[in-house]
Undergrad: 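Quick one: the structure is below, questions incoming.
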Amino acid sequence: MGAENERNPTFVEWVLTLLEERFPWLGSRQDEPVGGADTVDELADLYKSLIEQRDKGSRENGGQQA
């Protein structure tokens, strides 16, 4: 019966989860110093992984576009 209550996360929930995993200080209430270069590298990696995920989904759906 638990499977009926489970749902796939929305795109926004999925992106927020990715951001919280890569940038833990976003949800933190502590004033932690954050390196700008590290943040840019993480954003570039996140962008690349989102593009790869999108392309993977397109290939799995037979190349259909929304």
Side-chain angles (χ1 to χ4, degrees):
M1 188 165 201
E4 293 176 2
N5 293 334
E6 292 181 21
R7 64 173 179 80
N8 289 332
T10 65
F11 176 75
V12 172
E13 291 169 336
W14 181 69
V15 169
L16 288 174
T17 300
L18 282 174
L19 288 172
E20 288 174 354
E21 287 174 2
R22 291 186 184 250
F23 308 103
W25 62 87
L26 287 175
S28 149
R29 298 196 184 247
Q30 300 173 353
D31 293 329
E32 300 174 19
V34 178
D38 292 337
T39 301
V40 170
D41 289 343
E42 286 291 334
L43 284 170
D45 291 343
L46 177 60
Y47 177 76
K48 181 180 175 187
S49 68
L50 287 171
I51 296 297
E52 289 171 352
Q53 185 73 23
R54 181 196 66 192
D55 293 347
K56 179 182 173 188
S58 294
R59 284 191 300 272
E60 290 174 357
N61 292 330
Q64 297 175 350
Q65 293 185 357

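Along the sequence shown, residues carry numbers from 1.
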Undergrad: Using a 6.0 Å cut-off, check whether atom CG of D55 has over 12 heavy atoms from anything other than its own residue.
TA: yes
Undergrad: If you round to the nearest 0.5 Å, how far is CD of E42 from CG of L18?
TA: 11.5 Å
Undergrad: Check the pair L16 / E13 against side-chain contact (heavy atoms from CB on, under 4.5 Å), numbers first and verdict last.
TA: CA-CA 5 Å; L16 288 174; E13 291 169 336; 5.8 Å; no
Undergrad: Side-chain donor-acceptor contacts of residues 44-51 below 3.5 Å, not counting sequence neighbours, with atom names and distances?
TA:
from : atom 1 : to  : atom 2 : distance (Å)
S49  : OG     : D45 : O      : 3.4
S49  : OG     : L46 : O      : 2.9

